[in-house]
Amino acid sequence: MDASGLYKFDGLDVWNTYGYAVGSGSDDLLQLYKSKEVYSYDWKGQNGRQYDLSKRYFDDKVATLSGHIVVATKEEFWQKYLALWEFLKSPGAKFLYSHELEQTFSVFYLDSPNVKRFTRLQEFPEMITVQVDIQLQVMFMEMEPPSSTPQPPIVNAGTDKSITLPTNELIITGASVVPKGGATIVSLLWEYMYSVPEGRSATVTQQTTMTPKVSLLTQPGIYHFLFTAVDSNGLQSDDEMTITVNEETVNDSFPYTLPFNLA
């Protein structure tokens, strides 16, 4: 039995990594996003309503992967099952790639609405299976037509940050990387570029993770950083973000109350 290549979580094949064979789920993933409520006004002296359609916004959707963990022993099942659970509950969004749809979706785990106990497969009597359905929140992303030409990953360094001295360090969060066309992300790198005014220094540690630590931001200014990702096709993308360091707030109020009346 081989169910490899059908789905990937963060670039890892769910069959090869977790023994998880997905039977269905593409219908939910293919469903269009539901529209959010449109701004409107009901003019009492006119028929119907007036709608502002200059901008349209859409809700996320929910998709359920229905599949089975297929293994040779119960010991192997618990190893695969717990590894899958550790992945699903870990912080941050996940990237789900569907080979059938040739699309990558940004998701996070919601629930496991249907699980069925150990069963022997008639076609493969030496194997045992447990049905595990995985319900996912699918965050809104514009889908793109598949391309025969490999596409670079989509990189987002996250929103710009701001701190006020004497705080001089922070952990960058909110960054995201979406691999395209079934590729996997093979490397990440955060780099300090420059500051305004010039001459400021900063140190970046844990540079090859999604959440690096930036420190030694000891002078007011705007510090610029570059986030780069490289995929398994050798293609790379980058994005820039800034950290604004504000001067320390000085409290000019009188520090205490006089014990006597000056009047």
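Side chains included, hydrogens not; waters and symmetry mates left out as well; all remaining heavy atoms used.
Cluster membership for Leu88 and Phe77, using ILVMFWY side-chain heavy atoms within less than 4.5 angstrom, is shared. A continuous path of ILVMFWY side-chain contacts below 4.5 Å connects Phe9 to Leu82, so both sit in one hydrophobic cluster. One hydrophobic cluster holds both Leu136 and Met143 under the rule that ILVMFWY side chains link at heavy-atom gaps under 4.5 Å. By the criterion of side-chain heavy atoms lying less than 4.5 angstrom apart, applied directly or through intervening Ile, Leu, Val, Met, Phe, Trp or Tyr residues, Leu110 is not grouped with Tyr20; the two fall into different hydrophobic clusters. There is a path of hydrophobic side-chain contacts, each under 4.5 Å, that joins Leu30 to Tyr7.
Between the side chain of Thr129 and the backbone N or O of Val70 there is no donor-acceptor pair closer than 3.5 Å. Distance alone, capped at 3.5 Å, places no donor-acceptor pair between the Ser40 side chain and the Tyr51 backbone. Judged by distance alone, the side chain of Thr209 and the main-chain N or O of Gln206 form a donor-acceptor pair under 3.5 Å. Remark: the backbone N or O of Thr149 is paired with a side-chain donor or acceptor of Gln151 at under 3.5 angstrom. Judged by distance alone, with hydrogens and angles left aside, the side-chain atoms of Ser237 form a donor-acceptor pair with the main-chain N or O of Pro153 at under 3.5 Å. Remark: side-chain polar atoms of Arg200 are not paired, donor with acceptor, to backbone N or O of Tyr194 under 3.5 angstrom.
Thr203 is listed as a side-chain neighbour of Thr205, based on a closest heavy-atom distance under 4.5 Å. The shortest side-chain heavy-atom distance between Pro166 and Glu248 falls under the 4.5 Å cut-off. At a threshold of 4.5 Å between non-hydrogen side-chain atoms, the residues Val132 and Ser112 count as touching. Looking only at side-chain heavy atoms (C-beta outward), Leu96 and Leu29 come within less than 4.5 Å of each other. By the 4.5 Å heavy-atom criterion applied to side chains, Asp231 and Val186 are not counted as neighbours. Looking at Pro212 and Gln207, their side chains never come closer than 4.5 Å, going by heavy atoms from C-beta outward. Residues Val138 and Val62 fail the side-chain proximity criterion, which asks for heavy atoms closer than 4.5 Å. The shortest side-chain heavy-atom distance between Gln137 and Val107 does not fall under the 4.5 Å cut-off.
Contacts of Asp13 classified as side chain to side chain contact (heavy atoms under 4.5 Å, CB included), with partners at least two apart in sequence or in another chain: Ser4, Trp15, Asn16. Every residue meeting the side chain to side chain contact (heavy atoms under 4.5 Å, CB included) condition with Asp42, not counting sequence neighbours, appears here in chain and number order: Lys44, Arg49. For Ser35, the side chain to side chain contact (heavy atoms under 4.5 Å, CB included) partners are Val38, Arg56, Phe58, not counting sequence neighbours.
Hydrophobic cluster membership for Ile163: Val155, Leu165, Leu170, Ile172, Val177, Ile185, Leu188, Trp190, Tyr192, Val204, Met210, Val214, Leu217, Tyr223, Phe225, Phe227, Met241, Ile243, Val245 (Ile, Leu, Val, Met, Phe, Trp, Tyr linked by side-chain heavy atoms under 4.5 Å, directly or transitively). Side-chain heavy-atom separations under 4.5 angstrom define the hydrophobic clusters, and the remaining members of the one that includes Val178 are Phe95, Met141, Ile154.
Of all heavy-atom pairs spanning Asn233 and Pro150, the tightest one is ND2-CB, 3.7 Å. Taking both residues in full, the closest heavy atoms of Pro220 and Pro197 are given as O-CD, 4.3 Å, listed atom of the first, atom of the second, then distance.
Between Tyr18 and Trp85, the distance from one ring center to the other does not fall under 6.0 angstrom.
Residue Met127 holds its CE atom at 12.0 Å from CD1 of Ile69, rounded to the nearest 0.5 Å. With rounding to the nearest 0.5 Å, the separation of CZ in Phe105 from CG in Asp28 is 10.5 Å. Atom CG of residue Asp59 and atom CE of residue Met139 lie 13.5 Å apart, to the nearest 0.5 angstrom. The CZ atom of Phe118 lies 15.5 Å from the NZ atom of Lys116; values are rounded to the nearest 0.5 Å. For the atom pair Lys213 NZ and Ile171 CD1, the distance stands at 6.5 Å (nearest 0.5 Å). Rounded to the nearest 0.5 Å, atoms NZ (Lys8) and OG (Ser98) are 11.5 Å apart.
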Next on the checklist: Working note: Leu6 + Val22, criterion side-chain contact (heavy atoms from CB on, under 4.5 Å); need CA distance, chi angles, decisive distance, verdict.
Outcome noted: CA-CA 7 Å; Leu6 298 179; Val22 180; 5.6 Å; no
Checklist entry - Going through the checks in order, is the side-chain contact (heavy atoms from CB on, under 4.5 Å) test met by Glu102 and Tyr97? => result CA-CA 7 Å; Glu102 297 186 51; Tyr97 174 73; 4.2 Å; yes
Checklist entry - Under the side-chain contact (heavy atoms from CB on, under 4.5 Å) criterion, do Phe140 and Glu142 qualify, and how do the steps go? => result CA-CA 7 Å; Phe140 178 79; Glu142 293 287 0; 3.5 Å; yes
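Legend: side chain to side chain donor-acceptor pair (under 3.5 Å) pairs involving residues 60-83, not counting sequence neighbours, sorted by first then second residue: Ser66-Asp133.
Here the rule is side chain to side chain donor-acceptor pair (under 3.5 Å) with Ser162, and of Thr244, Asn246, Thr242 only Asn246 fits it.
Inspection of the Gln236 and Thr228 side chains reveals no N or O donor paired with an N or O acceptor under 3.5 Å.
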